[in-house]
Novice: 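Structure provided below as structure tokens; questions to follow.
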Amino acid sequence: MKITIISVGKIKEKFYREAIAEYAKRLSSYCKFEIIELQDEKTPDKASAETERLIKEKEAERIMKAVDEKGYLIALAINGKAYDSVQFSQHIEKLMITGNSHIQFVIGGSLGLADSVLKLADEYISFSHFTFPHQLMRVILAEQIYRAYRIMNHEPYHK
């Protein structure tokens, strides 16, 4: 099983990088885990709706190049389906059982994901109605993937 997080924007903060590295290390005993970090576009202050759309499309072009067309693509979007940790684990397990050997998660930049990426996605999931910085969302997602594997394997961690 391969799990990929495709994310727009660099992580500058050392504590985020360390947290992600820790979860990547833990996940290595369950799956092949990778993060593809893509360059983000700078958003000018008071950008128009059209400027924001163009920025999201530029980022979308990079995302599309990183996506494995044979993989199962899950977009993180505020209007996606919400799971609790056990349901998320069951969903990942079901995807694995039904022959999805590569699950990809995509996290947009500060403006979110372009419609073209959302149309490409097999599904959307939401972690909250709150908006999180993409750097923190990578940590949260990596932790929840790790938690999902622990739950699948009936190992302590998820309480």
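For reference, positions follow the sequence shown, starting with 1.
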Novice: Heavy atoms only: give me the nearest Glu57-Ala114 pair and the separation to one decimal.
Specialist: OE2-CB, 3.3 Å
Novice: Supply the members, apart from Val106, of the Ile/Leu/Val/Met/Phe/Trp/Tyr cluster built from side-chain contacts under 4.5 Å; use none for a lone residue.
Specialist: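 Besides Val106, the cluster holds Ile6, Val8, Ile36, Leu38, Ile63, Met64, Val67, Leu73, Leu113, Val117, Leu118, Leu120, Tyr124.
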Novice: Do the side chains of Gln90 and Lys94 get nearer than 4.5 Å, heavy atoms only?
Specialist: no
Novice: Do Arg26 and Tyr23 touch side chain to side chain, with heavy atoms closer than 4.5 Å?
Specialist: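 The answer is yes; the side chains approach within 4.5 Å.
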Novice: A side-chain contact here means heavy atoms from C-beta on lying under 4.5 Å apart; do Ser101 and Lys2 qualify?
Specialist: no
Novice: I want to check something: taking the side chain as every heavy atom from C-beta on, are Ile145 and Ile92 in contact at a cut-off of under 4.5 Å?
Specialist: no
Novice: Of all heavy-atom pairs between Gly71 and Asp122, which one has the smallest distance, and what is that distance?
Specialist: O-OD2, 3.9 Å
Novice: Working to the nearest 0.5 Å, report the span between CD of Glu155 and CZ of Arg150.
Specialist: 4.0 Å
Novice: Could you tell me the separation between the CG atom of Leu76 and the CD1 atom of Ile5, rounded to the nearest 0.5 Å?
Specialist: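 So the CG of Leu76 and the CD1 of Ile5 are separated by 8.5 Å.
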Novice: Report the distance from atom CD1 of Ile74 to atom CG of Asn100, rounding to the nearest 0.5 Å.
Specialist: 8.5 Å
Novice: Can you name the nearest heavy-atom pair linking Met96 to Tyr149, along with the distance?
Specialist: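 Closest approach of Met96 to Tyr149: SD-OH, 3.8 Å.
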Novice: So does Lys56 pair up with Glu52, basic N to acidic O under 4.0 Å?
Specialist: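 Salt bridge: no.
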Novice: Is Glu22 salt-bridged to Lys25, cutoff N-O under 4.0 Å?
Specialist: yes
Novice: For the residue pair Ile125 and Gln144, establish whether any side-chain heavy-atom pair is separated by less than 4.5 Å.
Specialist: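 Ile125 vs Gln144: side chains apart.
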Novice: Below 30° counts as parallel, above 60° as perpendicular, anything between as tilted: where do the rings of Tyr72 and His91 land?
Specialist: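 Ring orientation, 0 to 90° scale: perpendicular.
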Novice: Side chain to side chain donor-acceptor pair (under 3.5 Å), that's the test. Do Thr4 and Glu34 meet it? Break it down for me.
Specialist: CA-CA 5 Å; Thr4 302; Glu34 71 174 337; 3.0 Å; yes
Novice: Of all heavy-atom pairs between His102 and Met1, which one has the smallest distance, and what is that distance?
Specialist: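 Nearest heavy atoms, His102 then Met1: N-SD, 4.3 Å.
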Novice: Take a 6.0 Å sphere around CZ of Phe15 and say whether it holds more than 12 heavy atoms from other residues, nucleotides or ligands.
Specialist: yes
Novice: Could you tell me which non-hydrogen atom of Ser126 sits nearest to which non-hydrogen atom of Ala77, and how far apart they are?
Specialist: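 Distance-wise, the nearest heavy atoms are CB-O, 3.2 Å.
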Novice: Starting from Phe130, can I reach Val139 by hopping between I/L/V/M/F/W/Y residues whose side chains sit under 4.5 Å apart?
Specialist: yes
Novice: Can you name the nearest heavy-atom pair linking Gln39 to Arg62, along with the distance?
Specialist: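 In this case the closest contact between Gln39 and Arg62 is O-NH1, 3.1 Å.
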Novice: Are Leu27 and Met152 in one and the same hydrophobic cluster, where Ile, Leu, Val, Met, Phe, Trp and Tyr link if side-chain heavy atoms are under 4.5 Å apart?
Specialist: yes
Novice: Please go through Leu111's hydrophobic cluster and name the other residues, only I, L, V, M, F, W, Y counting, with side-chain heavy atoms under 4.5 Å joining them.
Specialist: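 Ile55, all in the cluster of Leu111.
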Novice: Looking at side-chain heavy atoms only, is the closest gap between His134 and Glu37 below 4.5 Å?
Specialist: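 No, side chains not in contact.
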Novice: Check Arg53 with Glu50, please: is the shortest side-chain N to carboxylate O separation under 4.0 Å?
Specialist: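 Salt bridge present between Glu50 and Arg53.
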Novice: Less than 4.5 Å apart, any side-chain heavy atom of Phe127 and any of Met137?
Specialist: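 Yes, close enough: below the 4.5 Å cut-off.
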Novice: Could you grab the distance from atom OG of Ser48 to atom CG of Leu54, nearest 0.5 Å is fine?
Specialist: 7.5 Å
Novice: Rounded to the nearest 0.5 Å, how far apart are CD1 of Ile20 and CG of Leu136?
Specialist: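 Here the interatomic distance stands at 9.0 Å.
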Novice: Nearest 0.5 Å please: distance from the CD atom of Gln135 over to the CZ atom of Arg17.
Specialist: 11.0 Å
